[in-house]
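Presented below is the structure to which this report refers.
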Amino acid sequence: MTRHLITSALPYINGIKHLGNLVGSQLPADVYARFLRAKGDEVLFICATDEHGTPAELAAAKAGKDVADFCKDMWKIQSDIADGFGLSFDHFGRSSSPQNHALTQAFAAKLYENGLISEVDEEQVYSHTDGRYLPDRYVEGTCPNCAYENARGDQCENCTKQLDPTDLINPRSAISGSTELEVRATKHLYLKQSMMREKLQEWIDSKTDWPILTTSIAKKWLNDGDGLQDRSITRDLDWGVPVKRGDEPWPGMEGKVFYVWFDAPIEYIGATAEWAQANGKTDADWRSWWRNDEGAQNVRYTEFMAKDNIPFHTLSFPATIMGSEEPWKLVDYIKGFNWLLYEGGKFSTSQGRGVFMNQALELFPADYWRWWLISNAPEGSDSDFTWESFQGQVNKDLADVLGNFASRLTKFTRSKFGETLPDGGEDSELETKLREEVNARLVTLTKHLDAIELRKAASELRAIWALGNEYLQEAAPWSVFKTDPERAAAIVRMGFGLLDLYARISAPFIPHLSAQLAEVLNSNDTSWPSTLPHTPKAGTPFTVPENLVAKIDDETRDELIERFGGRD
RNA sequence: GGGCCUGUAGCUCAGUUGGUUAGAGCAGAGUGCUCAUAACGCUUUGGUCGCAGGUUCGAGUCCUGCCGGGCCUACCA
């Protein structure tokens, strides 16, 4: 049996995430985790909040809270929302955990011992008004190249020229607008990624089955210009993992913290340690997922993330792991996603454009969102959320094809036979044909899920739902009943067999609706079937689900377009 | 500027190593059924596969150029 370690990119702590964040990592990871669990594999599905960095501090300040309190509160909010969407994390941790502090410091110590850390004196912009160092992009001013007045310190948006904050004319803080800035000398640690370039290249080259999106970004960074660059891994901030060599102080680095990109991926490991602690397990239990010398040789590790995270997961984090020269688990497969757009434009927190996860749950059941998002996951290219598309797919796929199938079957059966499955009757060639079709499509569905081809999987699942309506139409039990009630009984039992199948194979996609379908026959088998199981026995009681999937009407849709901002 | 991805029916997309009349869902048209959430089934109308060349017995599929769309380019994370 394969053991599957699955991680979703860590949602950043500075606010509630939108649907694009959901579909780019957490949701597809959940579908995969649920599928593998149903197949009987051992799964550990890990996620956490990514809590450090300047934006977290600014968000806390804006909320009028201490950053630690802010993160604690926001973690709870994000955790509750994840529950609402049915995200089945085995643990939802926090990158600010003591476990992550210890691991991050331990990795840094190993990297230092192995000669992979250098200390670099550099200059950073300090804002007196804000009382903090400013990351390059938080310094704004006039571009020396094109005279654009709102150029950022890292790059001018107008002429796209790469800049240094000290290049800017009339620099000011993007946070406060203050011009009381000072360039200060400061010292930072760099991870010498350049020394690991060949090792990383070799490793990436061996990943021939990875999506092009993933490997091409990695190769670009490895080979562009002078090749992979060393990266700073520390910051002059208060909130974060204090810079230490393991438990020992790091001379000259007092008061500094590790940079968020360094400690965030390590939190995949940290959160696994948190999982062990939270569930009364031992260190050996969590280490068996991560240490190749302690049981992780048979673990297949899959990471899910949006494309902005790919460089960190293909290069920086592997560099950290390889550089430690300890037998930590490296990722086996990276599933990367493009962006989800909102009505043709970008989701925007500042402009209130798009749908955020909390709002989504207030509007419709989680499965509506799950179904649309998975069916339209931005796997090959960016995809576009529109209310019209959302309404169309929820109404057509979930209400008409799936929901109505359950409805017509159960209501017909109740009216003719009562509330238990009727006895008698023989199968005909219709059932043989149905089984063949369902079984063939099950093979395809399973293949797509194994390959994490989510759009194709959703499409195949829908086709299997549609087979139910086709079967009922052709078998026409309402007509057969008039002359041969026993044959009609056999037909409806077959129909209930399909319903039970749907509950099981739909669960990775729409777990809540699947649970409701399973309740119809009060069945509790959630295992993944390789073929259409035997039909349920005569005499089995059933219930009629009322309005399993409520449709979205045009008025509601138009109100939502108005409220959330549609096409301009 | 450089790199990568992409352009297939009105819309969203499939099209395996190049191989006969290019597929699906939605939308449109017709029709059947009446068990069902005015739901379902069946049939059907839509495409010179961005443009122009080239390779080949044969190209949506490979090559070159052009045009359009998107992403990345290392201090947001």
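Within every chain, numbering begins at 1; the chains are lettered A, B, ... in the order of the sequence lines, protein sequences first and strands thereafter.
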Under 4.0 Å, heavy atoms only, any strand: does A:Lys220 hit a base, just the sugar-phosphate, or nothing?
base
Looking only at atom C1', what distance separates B:C75 and B:G15, rounded to whole Å?
43 Å
Whole-Å distance between B:C33 P and A:Phe481 CZ?
20 Å
For A:Leu191 versus A:Ala319, what's the shortest heavy-atom pair and its separation?
CD2-CB, 4.4 Å
Regarding the side chain of A:Ile212, the nearest nucleotide among B:C75, B:A27, B:C4 is B:C4
Any base atoms under 4.0 Å from A:Glu474, or only sugar-phosphate, or nothing? Heavy atoms, all strands.
nothing
By the 4.0 Å heavy-atom rule, please label A:Trp261 as base, sugar-phosphate, or nothing.
nothing
B:U12, B:C75, B:G3: which one has an atom nearest the side-chain heavy atoms of A:Arg455?
B:U12
Tell me whether the side-chain N/O atoms of A:Lys551 come closer than 4.0 Å to OP1 or OP2 in B:A39.
yes
May I ask you to say what A:Gly227 touches in the nucleic acid, namely base, sugar-phosphate or nothing, with a heavy-atom cut-off under 4.0 Å?
base
Atom CZ of A:Arg462 to atom C1' of B:U12: distance rounded to whole Å?
13 Å
With rounding to the closest Å, how many angstrom separate the C1' atoms on B:A52 and B:C57?
23 Å
Nearest-Å distance once atom C1' is located in both B:U55 and B:A9
29 Å
Against the side chain of A:Asp154, the closest entry in B:A77, B:U37, B:C75 is B:C75
I'd like the P distance from B:U17 over to B:C62, given in whole Å.
9 Å
Among B:A77, B:C33, B:A39, find the nucleotide with the atom closest to the side chain of A:Asn404.
B:A39
Regarding A:Phe405, tell me which of base, sugar-phosphate or nothing describes its non-hydrogen contacts under 4.0 Å with the strands shown.
nothing
Please pick, from B:C26, B:A77, B:C75, the nucleotide with the shortest atom-to-atom distance to any side-chain atom of A:Pro55.
B:A77
At 4.0 Å (heavy atoms only), tell me whether A:Leu134 reaches a base, stays on the sugar-phosphate, or touches nothing.
nothing
Pairing of A:Glu431 and A:Arg487 as salt bridge, 4.0 angstrom limit:
yes
Annotated structure of RNA chain B as dot-bracket, pair cut-off 3.5 Å, Watson-Crick or G-U only, | for inter-strand, is (((((((..((((.....[...)))).(((((.......))))).....(((((..]....))))))))))))....
Backbone of A:Glu555 reached by a side-chain donor or acceptor of A:Asp558 within 3.5 Å:
no
RNA chain B-proximal residues of residues 407-417 of chain A, any heavy atom under 4.0 Å
A:Ser407, A:Arg408, A:Lys411, A:Phe412
Identify which nucleotide among B:C13, B:G2, B:A77 has an atom closest to any side-chain atom of A:Ser383, counting heavy atoms from C-beta outward.
B:C13
Among the nucleotides B:C40, B:A74, B:C75, whichever has the atom closest to the side chain of A:Asn469 is B:C40
Gap between atoms NE2 and C1', on A:His448 and B:U16 respectively (whole Å)
11 Å
Base, sugar-phosphate, or nothing: which does A:Val549 touch, judged by heavy atoms less than 4.0 Å apart?
base
Nearest to the side chain of A:Trp339, heavy atoms from C-beta on, is which of B:U37, B:C40, B:C72?
B:C72
Expressed as a whole number of angstroms, how long is the span from A:His52:NE2 to B:A77:P?
12 Å
Hey, do the aromatic rings of A:Phe417 and A:Phe481 have their centres closer than 6.0 Å?
yes
Salt-bridge test for A:Asp121 and A:Lys187: reply yes if a basic N is under 4.0 Å from a carboxylate O, no otherwise.
no
Along RNA chain B (nearest heavy atom to each residue), the more 5'-positioned of A:Ile217 and A:Asn547
A:Asn547
B:A36 and B:G41: how far apart are their C1' atoms, nearest whole angstrom?
13 Å
Would you mind classifying the nucleic acid contact of A:Asp308 as base, sugar-phosphate or nothing, using non-hydrogen atoms under 4.0 angstrom?
base
Between B:C71 and A:Lys346, is there an OP1 or OP2 to side-chain N/O distance shorter than 4.0 Å?
yes
Distance between the C1' atoms of B:U12 and B:U6, in whole angstroms?
15 Å
Give A:Glu51 one of three labels, base, sugar-phosphate or nothing, depending on what nucleic acid heavy atoms sit under 4.0 Å from its own.
nothing
Are any of the side-chain nitrogens in A:Arg197 or A:Asp226 under 4.0 Å away from the carboxylate oxygens of its partner?
no
Atom-to-atom span, CZ of A:Phe337 to P of B:C5 - whole angstrom
19 Å
Nearest whole Å is fine: how far is B:G1 C1' from A:Asp224 CG?
11 Å
Taking only the side-chain heavy atoms of A:Glu470 (C-beta and beyond), determine which of B:C75, B:U37, B:C42 contains the nearest atom.
B:C42
Indicate yes or no: does A:Arg132 engage A:Asp130 in a salt bridge with an N to O separation below 4.0 Å.
no
In whole angstrom, what separates A:Tyr133's OH from B:C75's C1'?
15 Å
Heavy atoms of A:Ala488 and A:Pro477 approach each other most closely as CB-O, 3.8 Å
Would you classify A:Gly403 as touching base, sugar-phosphate or nothing, given that sugar-phosphate means primed atoms plus P, OP1 and OP2, and contacts are heavy atoms under 4.0 Å?
base
From C-beta outward on A:Glu122, which listed nucleotide comes closest to its side chain: B:C75, B:A77, B:C40?
B:C75
Rounding to an integer number of Å, can you tell me how far A:Asp400 CG sits from B:A38 P?
9 Å
Verify whether the ring centers belonging to A:Phe385 and A:Trp372 lie closer than 6.0 Å.
yes
Stacked cation flag A:Lys192 on A:Tyr190, 6.0 angstrom / 45 deg:
no
Distance, P atom - from B:G47 to B:U8, rounded to whole angstrom
15 Å
Is B:G58 in the syn or the anti form, by the rule that syn lies within 90° of 0?
anti
Using a strict 4.0 Å threshold on nitrogen-to-oxygen distance, state whether A:Lys447 and A:Glu453 make a salt bridge.
no
What verdict does the side-chain contact (heavy atoms from CB on, under 4.5 Å) test give for A:Tyr368 and A:Gln393, after you've listed the backbone C-alpha separation in whole Å, the side-chain angles of each residue and the deciding distance to 0.1 Å?
CA-CA 9 Å; A:Tyr368 287 23; A:Gln393 269 194 271; over 6 Å; no
Report yes or no: do A:Gln78 and A:Thr49 form a side-chain donor-acceptor pair below 3.5 Å?
no
Phosphate OP1/OP2 of B:G15 contacted by A:Lys456 side-chain N/O (<4.0 Å):
yes
For B:A77 and A:Tyr259 - does any side-chain N or O of the residue sit under 4.0 Å from the phosphate oxygens OP1/OP2?
yes
